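Written below as structure tokens is the structure these notes are about.
Residue numbers start from 1 in every chain, and the chains themselves are labelled A, B, ... in the order their sequence lines are given, proteins ahead of strands. Quick caveat: nothing in here was measured; it's all calculated off a predicted structure.
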There are 2 protein chains.
Amino acid sequence: MARQVKIKDIAQMAGVSAGTVDRILHNRGNVSEASRTAVERVLAETGYRYNIHTSAVSLRKEYRIAIAIPTAVKGEYWDSVQSGIEHALDEYSDIRISREYAYYNQFDIYSCRASFESIAEGSPNAVIIGPTFVSETRSLCGELDRKGIPYAFVDSAIEGLNPALSFSCDQKACGRTVARLLHLTCPENSDFAILSSMRTGNGRSNNSLARKEGFTEYFMETCPGNAVMEAKFSVPDPEESERNVLNFIRENPSVKGIAVMNSRGYIIADILKRTGMEGISIVCFDLTSNNVRCIRNGSISAVVCQRPELQGFHAVRGLLRYLLYNQEDERKTHSMPVDIVMAENLPYYKEFLPE
Amino acid sequence: MARQVKIKDIAQMAGVSAGTVDRILHNRGNVSEASRTAVERVLAETGYRYNIHTSAVSLRKEYRIAIAIPTAVKGEYWDSVQSGIEHALDEYSDIRISREYAYYNQFDIYSCRASFESIAEGSPNAVIIGPTFVSETRSLCGELDRKGIPYAFVDSAIEGLNPALSFSCDQKACGRTVARLLHLTCPENSDFAILSSMRTGNGRSNNSLARKEGFTEYFMETCPGNAVMEAKFSVPDPEESERNVLNFIRENPSVKGIAVMNSRGYIIADILKRTGMEGISIVCFDLTSNNVRCIRNGSISAVVCQRPELQGFHAVRGLLRYLLYNQEDERKTHSMPVDIVMAENLPYYKEFLPE
DNA sequence: ATGTTTTTTGTGTACGTACACAAAAGTAAC
DNA sequence: GTTACTTTTGTGTACGTACACAAAAAACAT
């Protein structure tokens with residue numbers, strides 16, 4: 001194994017001192033043009049890379065990462081994201097990092113504004129954002145750009161902004177995958193429906209929209225004869241919700257497959273289970289604890305997930321690499337895999353291996 | 001963020017010197033019973049953890065990892081394992097590690113013996129083993145145990161041995177998943193078949209067997225009315241193989257779903273495609289480049305995978321942690337997730353995010 | 001030319017651990 | 001009590017980087 005090239009080696013080769021090389025590596029300025037070019041040439045030639053360990057060791061600074069995401073309810077989507085974040089902080093616990101969560105209610109734009117403002121005020125070293133509300137996110141990111149604070153998106157990305165890192169899924173492909181699964185789990189000539197939860201307001205409408213698009217596209221291409229309907233149900237009011245759903249099914253007996261474009265599939269599943277309705281397949285998103293339960297009892301056929309935990313993990317990891325090593329040349333936009341989970345592979349589903 | 005507890009702190013608290021603490025941490029011996037208990041108490045109280053970075057920095061030793069796996073043919077299963085290994089070596093390139101591959105032909109027991117012997121002779125610091133041949137693996141591991149060299153299994157584990165780490169998949173669950181997918185992708189009253197490639201000999205028979213078990217179990221439970229047949233085809237001789245397959249299909253027109261319990265599904269898929277046979281669904285294992293091609297052109301319905309790349313990655317990572325930090329208290333046996341890949345989610349399938 | 005300010009460069013120390021080596025304490029034999 | 005030897009303990013240095021600070025060089029004003 002070839003001995004590692006050190007800063008001192010670089011310095012010697014370029015005919016300057018280690019301090020100068022250090023200043024160039026960290027863009028600390030106060031370097032003559034001559035030194036800069038000489039050193040940069042040597043850096044390129046040798047393919048110099050930081051020694052992560054020694055770098056971390058001598059780092060005096062403590063980094064503060066702020067996290068603005070929807071409230072992480074135990075067992076639900078954002079809880080997974082958060083546990084990925086925590087996992088990363090644990091993995092990198094030898095670097096001094098502190099974190100501060102600024103949760104917001106994903107159905108309340110005012111709480112989002114409050115959360116984002118507190119973030120901007122705190123002047124952290126980096127920010128992880130779950131960008132539910134578009135214009136609020138834009139304004140926060142503008143502020144961060146001005147202050148030179150790097151930020152990462154998880155769950156979805158917003159156009160026209162410049163995150164250091166962003167994680168998302170091709171939502172159309174997710175929609176197509178849901179469609180495929182529903183198609184597979186339903187009898188030949190059934191019709192299909194998308195049931196949307198009503199309270200979402202602005203929340204995640206981005207994702208849902210693209211998902212619907214992919215979903216309907218699939219059926220248009222694959223079996224244009226079968227209808228794809230749409231209906232709504234109410235999340236806040238369970239009784240109304242039940243009435244909505246049962247009415248819809250009674251009125252559309254040809255519908256044998258129901259897609260829910262978020263994690264609320266279990267609500268429909270529970271209603272059908274409770275009222276003893278059978279022969280209707282449900283496919284939805286995210287491996288929340290409720291959905292796990294429904295896959296186990298057979299009331300949900302399959303679930304499509306987008307590795308929320310891994311997203312959280314890599315958001316932290318990426319931001320740290322950015323902060324510590326200026327590694328912004330990496331691929332910025334990461335498209336997450338689309339995982340399919342059903343009863344058979346559920347017991348072994350893990351996004352990655354923990355300690 | 002609380003300041004980290006250092007070895008010096010521990011030493012002071014226990015009323016000994018840093019050297020003594022170090023000896024205890026690394027089981028270097030020459031420590032009095034009194035010191036040992038005192039230090040161990042303080043270690044437990046403070047929950048001391050190594051600082052990975054400084055530890056890595058001051059490590060003088062160069063570690064040699066030997067890897068005994070079947071030949072990694074580009075685009076096939078073991079190539080993925082290897083790329084995970086390489087990925088880990090890159091990720092941890094700031095620790096001095098050298099690697100040495102000792103490939104063997106997974107259909108030739110003699111080449112396996114040769115490979116394993118060369119491993120034992122080299123006296124590496126750790127070994128990664130793809131345990132295809134059972135008794136050969138046993139004898140290698142016995143040797144390694146005697147020498148005190150830790151080893152990790154990837155792809156499958158062998159009973160009665162004591163690896164520092166092992167990665168595998170519940171093969172029965174994989175078989176059930178294949179069954180489920182085949183069931184879903186076939187018309188209502190079709191029969192099913194398992195086609196086995198003939199040359200395998202001893203190779204991976206372990207895995208295949210458990211997979212078959214899970215597969216037949218599923219159909220027994222779910223639809224005992226539909227038959228599950230078995231047939232063989234020859235890998236080395238394509239023409240014979242084609243005759244085998246076509247004959248089987250002609251003789252059993254009720255079979256609309258074919259499972260292949262290894263990665264050779266593409267062979268069947270190509271035959272059916274070439275001869276213009278349609279309406280038969282194929283499900284097999286592993287996302288090899290041939291299988292990717294067949295999923296894309298629609299001749300394979302779905303594939304089940306067990307994250308070979310992640311297995312390779314974590315084998316290296318785990319062995320390093322074992323070597324560097326004596327972290328053998330971790331969970332040793334890791335059951336990998338069972339991934340389902342079909343045309344819709346194929347483009348985004350990644351086991352984890354590379355740099 | 002001289003002093004003053006600014007820019008550029010070089011040097012030294014800290015980070016926390018691993019390990020070699022020296023020192024001290026303990027043991028045994030005479 | 002001395003010597004020889006073993007066991008136990010303590011000390012010092014290296015690892016490669018980050019950063020503070022001192023030193024030198026350059027630029028500018030008088």
Salt bridge (charged side-chain N to carboxylate O under 4.0 Å, His left out) against B/Glu40, all qualifying residues, sequence neighbours excluded: B/Arg36
For C/dT9, take OP1 and OP2 only and decide whether either is under 4.0 Å from a side-chain N or O of A/Ser35. yes
Can you measure B/Lys8 atom NZ to C/dA18 atom P for me and round it to whole angstrom units? 14 Å
Is B/Val31 touching bases, backbone alone, or none of the nucleic acid, heavy atoms closer than 4.0 Å? sugar-phosphate
Nearest whole angstrom, please: distance from the P of D/dC15 to the CD1 of B/Ile95. 17 Å
Rounded off to whole Å, could you give me the CD-to-C1' distance for the A/Glu62 and C/dC15 pair? 15 Å
Looking at D/dT8, C/dT9, C/dG16, which one has an atom nearest to any side-chain atom of B/Val57? C/dG16
Let me know the distance between CG of A/Asp9 and C1' of D/dC15, rounded to the nearest Å. 13 Å
Listing request: all salt bridge (Lys or Arg N to Asp or Glu O under 4.0 Å) pairs with a residue in residues 115-133 of chain B, at least two apart in sequence or in separate chains. none
Quick one: list whatever passes salt bridge (charged side-chain N to carboxylate O under 4.0 Å, His left out) with A/Asp79, sequence neighbours left out. none
Under 3.5 Å, which donor-acceptor pairs link side chains of residues 8-19 of chain B to any protein atom two or more places apart or in another chain?
residue	atom	partner	partner atom	Å
B/Asp9	OD2	B/Lys6	N	2.9
B/Ser17	OG	B/Gly19	N	3.4

For nucleotides 19-24 of chain D, tabulate all protein N/O to nucleotide N/O atom pairs closer than 3.5 Å, reporting atom names and distance.
residue	atom	partner	partner atom	Å
D/dC19	OP2	A/Arg28	NH1	2.8
D/dC19	OP2	A/Arg28	NH2	3.1

Return the value, rounded to whole Å, for the distance between atom CD of A/Gln12 and atom P of C/dG10. 13 Å
So if I take the C1' atoms of five pairs at each end of the helix from C/dA1-D/dT30 to C/dC30-D/dG1 and get each local axis, what angle do the two axes make, rounded to 10 degrees? 50°
Whole-Å distance, B/Asn30 CG to D/dT11 P, equals 18 Å
Does anything in residues 140-166 of chain B pair up under ring pair (Phe, Tyr, Trp, His ring centres under 6.0 Å), and if so which pairs, sequence neighbours excluded? B/Tyr151-B/Phe153
Closer than 4.0 Å, any side-chain N/O of A/Thr20 to the OP1 or OP2 of C/dG10? yes
A/Lys350/A/Glu309 salt bridge by N-O under 4.0 Å criterion: no
Check every atom of C/dA18, C/dG10, D/dA18 against the side chain of B/Ile7 and return the nucleotide holding the closest atom. C/dA18
With B/Glu45, which residues qualify under salt bridge (charged side-chain N to carboxylate O under 4.0 Å, His left out), at least two apart? B/Arg41
Atom NZ of A/Lys6 and atom C1' of D/dC15 are separated, to the nearest Å, by 9 Å
So, OP1 or OP2 of C/dG16: does either fall under 4.0 Å of a side-chain N or O from B/Tyr48? no
Can you measure B/Glu33 atom CD to D/dT7 atom P for me and round it to whole angstrom units? 15 Å
With side chain to side chain contact (heavy atoms under 4.5 Å, CB included) as the test, would you mind laying out the steps for A/Thr71 and A/Tyr104 before giving the verdict? CA-CA 6 Å; A/Thr71 313; A/Tyr104 62 88; 5.9 Å; no
A/Ser55 side chain N/O closer than 4.0 Å to the phosphate oxygens (OP1, OP2) of D/dG16? no
Just grab all the salt bridge (Lys or Arg N to Asp or Glu O under 4.0 Å) pairs involving residues 10-32 of chain B, residues at least two apart or on different chains. B/Asp22-B/Arg28
Would you say B/Thr54 places a side-chain N or O within less than 4.0 Å of OP1 or OP2 belonging to C/dA18? no
Can you name the closest pair of heavy atoms from A/Lys147 and A/Ala120 and give their distance? NZ-O, 2.7 Å
